Amino acid sequence: EIISIEDLIGKMSKGYVLNNVELLLEFYEVYKSITPLAEQQDFEQFGNWAKMLLQDFNEIDRYLLKPEHVFNYLKDIDDINHWSVKAEDRSKLIENYISFWDQLPTYYNALKKHLESLGVGYQGMVYRQAVANLDQFMVEYPNKQYYFAGFNALNQAEEKIIQQLLKSGRAEVFWDADAHFLSDVDHGAGYFARRIKQNWSYYKSYPYQWIVDEFKQEKQIEIISTPKSVGQAKIVGTLVEDLQKQTGNLQKTAVVLADENLLIPVLYALPHSVPSLNITMGYDSRSNPVQLFFTKFFKMQVNALTRGKNKCVYYHKEVLDVLSHPLIEGLAQTKDIVAEINKRNLSFFELQKLHFNTEENTLLHLIVKPWDEGIDAVIQSIEQIVFEIRHYLRNQKDDVSLTFLYAFHQVWNQIKNYQAKYGVITDPQQLQTIYKQVADLAEVSFEGEPLEGLQVMGVLESRVLDFDTVIITSLNEGKL
């Protein structure tokens, strides 16, 4: 059985890790339950600081820190920063800011209690629980042996778990560290490997596996200059095609992208002859073309609602941004509407007064339909739009766009479930606010075969992996 460290931690803790979107929505419910109604912020204001606070909660638990010590330390720092302001001279803004730091332990404990009652948690919380359950876990699985491979920088919880399994004779760790970095005390690349080798008591009695000497070996390096980012993507496609002709397969070839925004150009530049492909890197959801379309769509519909008292009044630039978007332009057959808006030089108008027929095109009908029938109808309408686009992309066999659409649909399902559970969204403006806050947390995950074909990854994902041929893009100052 081959599993990730996260899966092992999940088994030890017996807890389910919420994704970032679900966690933020649950935290908002906790926040409202412990904050007086007059002091409550709307979701947009809340989300601006809550996302950062959740990251801090996660780090506190992953590194097994004492929360009360961390919060007291942060409070003391804030007091020092405002020591020169007398209590009677403090403005309302300063008072609110200082009181926020006093609330951190309350937020932390209330969120933890709420998530425990649901049997779920965030990653750090699950890690802390796994450490607490480790002895019981070892009793439940007395004959299980563990082999850890591919690790470098570990958090405190991971270190504690692995060290205890090593001491009990139930585990082995294979580090694959290079002798050059281990011996050079000033080299940052070997910092974690050196610290583990020196500080773990296990390695005072047992060998440190494995130490290799690859860095000093002779290598063939070719530097290719190109003026534009798109030029890099095209060169990568050409290099991959040449390598495939020379070697017959791409099993030992990796494309490492220092700039993740190059992912889409590189994917479209790869030759069709590449039989299989695996992508292991994060992709910024704000660059997701499907998400960008729906952001414009939200803006168009919500602004139209706020302009008119009893009717939806649309602005031509917002409408053209939506109808001219390449994701739906062909499917919705929007050219006639766009042409009419431009010909009549319209600025603000009602879409229903334009001369076009939406009965034969379901997607177009859903896009131009005003959001004036209640929030449930709006949520259902967006879901129908997703299904229409999905059907079209499947026929076009556009797997890349389908992946982006799937990422959006996951976020939308979470918002829909949140509304079904709590019923707090009452109008399209609130819906847009919640979507804007959670959309940035969405992750675009590409599926592939990790043991087969060409590997495309970011710099961080390439650690402790070995390939015969590595193509690295964006070797520019400020990028790498």
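Computed from a predicted structure; not experimentally measured. Just so you know, these numbers use all the heavy atoms, side chains as well, and skip hydrogens, waters and symmetry mates.
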side-chain contact (heavy atoms from CB on, under 4.5 Å) between Gln164 and Ile162: does it pass, once the steps are laid out? CA-CA 5 Å; Gln164 190 161 334; Ile162 294 174; over 6 Å; no
Distance flag, aromatic centroids of [Y] and [X], threshold under 6.0 Å:
{"X": "Phe46", "Y": "Tyr31", "value": "yes"}
{"X": "Trp175", "Y": "Trp200", "value": "yes"}
{"X": "Tyr28", "Y": "Tyr422", "value": "no"}
{"X": "Trp49", "Y": "Tyr107", "value": "yes"}
{"X": "Phe298", "Y": "Phe294", "value": "no"}

For Asp56 and Tyr108, run side-chain hydrogen bond (donor to acceptor under 3.5 Å, both in side chains): C-alpha distance rounded to whole Å, both residues' side-chain angles, the deciding distance at 0.1 Å, then the answer. CA-CA 10 Å; Asp56 292 341; Tyr108 175 84; over 6 Å; no
If we ignore hydrogens and angles and just use 3.5 Å, is the side chain of [X] paired with the main-chain N or O of [Y] as donor and acceptor?
{"X": "Arg390", "Y": "Ile385", "result": "no"}
{"X": "Glu22", "Y": "Asn19", "result": "yes"}
{"X": "Asn155", "Y": "Tyr63", "result": "no"}
{"X": "Asn48", "Y": "Glu44", "result": "yes"}
{"X": "Asp178", "Y": "Glu214", "result": "yes"}
{"X": "Asn58", "Y": "Leu54", "result": "no"}
{"X": "Ser381", "Y": "Val378", "result": "no"}
{"X": "Asn133", "Y": "Met12", "result": "yes"}
{"X": "Ser462", "Y": "Val459", "result": "yes"}
{"X": "Arg394", "Y": "Ile389", "result": "no"}

Side chains of Glu29 and His114: is there a donor and an acceptor less than 3.5 Å apart? no
Return yes if a side-chain donor-acceptor contact under 3.5 Å exists between Ser273 and Glu241, otherwise no. no
Carboxylate-amine/guanidinium proximity below 4.0 Å for [X] and [Y]:
{"X": "Glu1", "Y": "Lys144", "value": "yes"}
{"X": "Glu159", "Y": "Arg195", "value": "yes"}
{"X": "Lys14", "Y": "Glu140", "value": "yes"}

Would you say [X] and [Y] make side-chain contact, with heavy atoms under 4.5 Å?
{"X": "Asn249", "Y": "Gln244", "value": "no"}
{"X": "Lys252", "Y": "Thr469", "value": "no"}
{"X": "Ile425", "Y": "Ile415", "value": "yes"}
{"X": "Glu26", "Y": "Leu118", "value": "yes"}
{"X": "Tyr392", "Y": "Gln396", "value": "yes"}
{"X": "Tyr202", "Y": "Val173", "value": "no"}
{"X": "Gln414", "Y": "Val438", "value": "no"}
{"X": "Thr473", "Y": "Ile235", "value": "no"}

Hey, what do you get for [atom1] ([X]) to [atom2] ([Y]), rounding to the nearest 0.5 Å?
{"X": "Asn278", "Y": "Glu452", "atom1": "CG", "atom2": "CD", "result": "10.0 Å"}
{"X": "Tyr147", "Y": "Arg170", "atom1": "OH", "atom2": "CZ", "result": "11.5 Å"}
{"X": "Gln163", "Y": "Asn199", "atom1": "CD", "atom2": "CG", "result": "9.0 Å"}
{"X": "Glu172", "Y": "Leu165", "atom1": "CD", "atom2": "CG", "result": "12.0 Å"}
{"X": "Asp398", "Y": "Leu393", "atom1": "CG", "atom2": "CG", "result": "5.5 Å"}
{"X": "Phe215", "Y": "Asp184", "atom1": "CZ", "atom2": "CG", "result": "9.5 Å"}

Within a 6.0 Å radius of atom [atom1] on [X], are there more than 12 heavy atoms belonging to other residues, nucleotides or ligands?
{"X": "Phe387", "atom1": "CZ", "answer": "yes"}
{"X": "Lys299", "atom1": "NZ", "answer": "no"}
{"X": "Tyr203", "atom1": "OH", "answer": "yes"}
{"X": "Lys51", "atom1": "NZ", "answer": "yes"}
{"X": "Lys234", "atom1": "NZ", "answer": "no"}
{"X": "Lys228", "atom1": "NZ", "answer": "no"}
{"X": "Ile2", "atom1": "CD1", "answer": "no"}

Could you tell me how the ring of Tyr418 sits relative to the ring of Phe43: parallel (under 30°), tilted (30 to 60°) or perpendicular (over 60°)? tilted
With side-chain contact (heavy atoms from CB on, under 4.5 Å) as the test, would you mind laying out the steps for Asp61 and Gln129 before giving the verdict? CA-CA 9 Å; Asp61 284 340; Gln129 190 60 45; over 6 Å; no
Which is it for Leu262 and Gln232 under the side-chain contact (heavy atoms from CB on, under 4.5 Å) test, yes or no, and what are the steps along the way? CA-CA 8 Å; Leu262 267 181; Gln232 292 187 66; 4.0 Å; yes
Minimum heavy-atom distance [X]-[Y], with the two atoms named:
{"X": "Val424", "Y": "Gln430", "value": "O-OE1, 3.4 Å"}
{"X": "Gln123", "Y": "Val17", "value": "N-CG1, 3.8 Å"}
{"X": "Gln291", "Y": "Ala439", "value": "OE1-O, 3.4 Å"}
{"X": "Ile161", "Y": "Leu134", "value": "CA-CD2, 3.9 Å"}
{"X": "Val290", "Y": "Phe404", "value": "CG2-CB, 3.8 Å"}
{"X": "Leu65", "Y": "Pro67", "value": "O-CD, 3.2 Å"}

side-chain contact (heavy atoms from CB on, under 4.5 Å) between Leu18 and Leu115: does it pass, once the steps are laid out? CA-CA 9 Å; Leu18 291 177; Leu115 295 179; 3.8 Å; yes
Looking at Gln156, Glu158, Arg62, which hits side-chain hydrogen bond (donor to acceptor under 3.5 Å, both in side chains) with Tyr127?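 So the option named by the test is Glu158.
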Answer yes or no on whether Lys204 is positioned over the face of Tyr206, meaning its NZ or CZ is under 6.0 Å from the six-membered ring centre and within 45° of the axis. no
